[in-house]
Amino acid sequence: MQTPPDVGRTWRLALLGAPGAGKGTQAQLLTSALGACPLSTGDVFRAARDNPKRAGAALAAAQTFMARGELVPDSVVLDLIRERSRCLHCKGGFMLDGFPRTLPQARALDALLAAEKLRLDAVIYFDVAPELLLARLTGRRVCARCQAVFHIQNRPSRIDGVCDQCGGALEQRADDQPKAIAVRLDAYRKITMPLLEHYRRQDLLVAIRAEGEPAEILARTLDALVLHTPAASG
Ligand code: AP5
């Protein structure tokens with residue numbers, strides 16, 4: 001690995017990749033390495049599902065789309081992001097996980113950042129062979145209490161069905177069933193993949209081969225960030 005990226009600076013990143021590419025896993029590792037604050041739209045929707053009384057009507061309606069594996073309407077996602085626009089000014093920077101994933105969302109983010117006089121440093125694309133994704137998704141287990149992510153083969157918990165971190169019960173996500181996975185992968189191919197070109201044209205895309213151990217992928221990502229943003233500015 002090269003010189004580690006400057007952790008004293010502010011990193012403004014977005015993570016792109018297919019369902020199961022490891023965005024959530026890498027977001028956790030990158031947060032520790034760079035200090036940028038993670039914002040996962042999927043996690044916000046799942047938190048709304050677990051606390052329906054605190055979620056507004058739009059977030060509650062989003063659950064139906066999510067359970068089927070479909071994308072939540074852009075208007076709901078964009079309201080959610082605008083409500084959290086103060087996160088874009090977080091001192092340590094931010095790391096968007098799962099947003100944007102449609103071209104209208106990407107254009108809205110461009111406009112929002114321009115209005116806030118901010119700029120993305122990079123959009124990290126985690127590239128995984130499609131044939132690995134199904135096994136990653138069907139084997140995933142998530143702690144119902146602290147949301148830690150495990151995998152029955154790749155990252156098993158010490159005690160079957162019990163979270164290593166907090167002792168909570170491990171569950172399978174409703175959208176990790178084969179039918180919903182097929183819908184999610186199809187939406188990714190048709191609707192999200194065009195974003196690669198959108199960010200390539202802005203010279204923001206950093207593609208990472210996201211196979212191998214998570215720690216190796218993190219090292220590859222940090223190396224690529226150094227090369228992509230050599231003259232780090234605060
Ligand atoms: P979201 O929660 O964002 O799901 P996703 O994009 O489908 O991504 P996943 O969380 O499934 O996968 P991941 O890439 O984070 O992989 P992970 O690290 O967990 O969105 C869910 C839903 O919310 C969407 O379908 C949609 O309905 C809605 N939504 C969210 N944002 C939206 C938006 N902007 N617009 C519209 N709708 C939106 O890893 C997967 C598994 O693999 C784990 O078990 C892990 O342990 C394992 N693993 C990770 N890395 C490795 C590795 N290197 N080797 C082996 N196994 C690994």
Side-chain angles (χ1 to χ4, degrees), residues 14-31 38-49 58-59 61-82 84 95-109 124-129 131-143 147-157 163-164 170-177 179-193 195 208-221:
L15 310 185
L16 261 182
K23 302 179 294 296
T25 302
Q26 292 301 318
Q28 274 189 359
L29 298 172
L30 283 164
T31 298
L39 173 58
S40 155
T41 39
D43 282 352
V44 174
F45 292 134
R46 282 183 285 278
R49 176 202 57 201
L59 279 186
Q63 307 304 319
T64 320
F65 294 93
M66 204 170 160
R68 288 196 295 247
E70 294 167 14
L71 292 181
V72 173
D74 286 339
S75 57
V76 175
V77 178
L78 291 172
D79 282 351
L80 181 158
I81 294 293
R82 286 190 198 103
R84 286 163 179 74
M95 195 176 338
L96 302 172
D97 168 4
F99 173 84
R101 57 216 253 172
T102 69
L103 275 173
Q105 290 180 20
R107 291 186 189 119
L109 177 64
I124 304 171
Y125 164 50
F126 293 112
D127 188 12
V128 177
E131 58 271 21
L132 296 182
L133 297 173
L134 185 64
R136 283 197 189 181
L137 291 169
T138 52
R140 171 167 52 193
R141 298 293 181 270
V142 182
C143 175
Q147 312 307 316
V149 177
F150 296 84
H151 189 280
I152 51 174
Q153 272 135 16
N154 305 335
R155 197 186 169 215
S157 57
C163 176
D164 289 352
L170 299 186
E171 294 178 339
Q172 191 165 26
R173 265 170 50 174
D175 62 351
D176 277 346
Q177 299 298 331
K179 201 171 158 194
I181 290 174
V183 175
R184 288 161 65 201
L185 291 173
D186 195 48
Y188 172 73
R189 276 190 296 269
K190 291 182 179 148
I191 302 172
T192 305
M193 281 190 81
L195 268 63
I208 304 294
R209 194 172 60 81
E211 295 169 22
E213 287 298 314
E216 289 168 13
I217 298 164
L218 172 70
R220 257 176 240 150
T221 306

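Note that ligands are numbered from 1 as they come in the structure, with each ligand's atoms numbered from 1 the same way.
Residues satisfying the side-chain contact (heavy atoms from CB on, under 4.5 Å) criterion with R84, sequence neighbours excluded, are L39, V44, L80, C87. Residues passing the side-chain contact (heavy atoms from CB on, under 4.5 Å) test with L103, sequence neighbours excluded: R107, P194, L195, H198. T102 is linked by a side-chain contact (heavy atoms from CB on, under 4.5 Å) to L71, D74, P104, Q105, I191, counting only residues two or more places apart in sequence or in another chain.
Looking only at side-chain heavy atoms (C-beta outward), L96 and L109 come within less than 4.5 Å of each other.
Scanning both residues, T192 and R101, for their nearest heavy atoms gives OG1-O, 2.8 Å.
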Contact table, ligand 1 N/O with protein N/O, distance under 3.5 Å:
unit_1	atom_1	unit_2	atom_2	d
ligand 1	2 (O)	R46	NH1	3.0
ligand 1	2 (O)	R46	NH2	2.8
ligand 1	3 (O)	R101	NH1	3.1
ligand 1	4 (O)	R173	NH2	3.3
ligand 1	6 (O)	K23	NZ	3.1
ligand 1	6 (O)	R101	NH1	3.2
ligand 1	6 (O)	R101	NH2	3.0
ligand 1	7 (O)	R184	NE	3.4
ligand 1	7 (O)	R184	NH2	2.8
ligand 1	8 (O)	K23	NZ	3.1
ligand 1	10 (O)	R140	NH1	3.1
ligand 1	10 (O)	R173	NH1	3.0
ligand 1	11 (O)	R140	NH1	3.2
ligand 1	11 (O)	R140	NH2	2.6
ligand 1	11 (O)	R173	NH2	3.4
ligand 1	11 (O)	R184	NH2	2.6
ligand 1	12 (O)	G20	N	3.0
ligand 1	12 (O)	R140	NH1	3.3
ligand 1	14 (O)	A21	N	3.3
ligand 1	14 (O)	G22	N	3.0
ligand 1	14 (O)	K23	N	2.9
ligand 1	14 (O)	K23	NZ	2.9
ligand 1	15 (O)	G24	N	2.8
ligand 1	16 (O)	G22	N	3.2
ligand 1	18 (O)	G24	N	3.4
ligand 1	18 (O)	T25	N	2.8
ligand 1	18 (O)	T25	OG1	2.6
ligand 1	19 (O)	R140	NH1	2.6
ligand 1	20 (O)	R101	NH2	3.4
ligand 1	27 (O)	E70	O	2.6
ligand 1	31 (N)	T41	OG1	2.7
ligand 1	31 (N)	G98	O	3.4
ligand 1	34 (N)	G98	O	2.8
ligand 1	34 (N)	Q105	OE1	3.0
ligand 1	35 (N)	Q105	NE2	3.0
ligand 1	37 (N)	V72	N	3.0
ligand 1	44 (O)	F150	O	2.9
ligand 1	53 (N)	G212	O	2.8
ligand 1	56 (N)	N154	ND2	2.9

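Residues D175 and R140 are not paired through a salt bridge, judged by the lack of any N-O separation under 4.0 Å between the basic side chain and the carboxylate.
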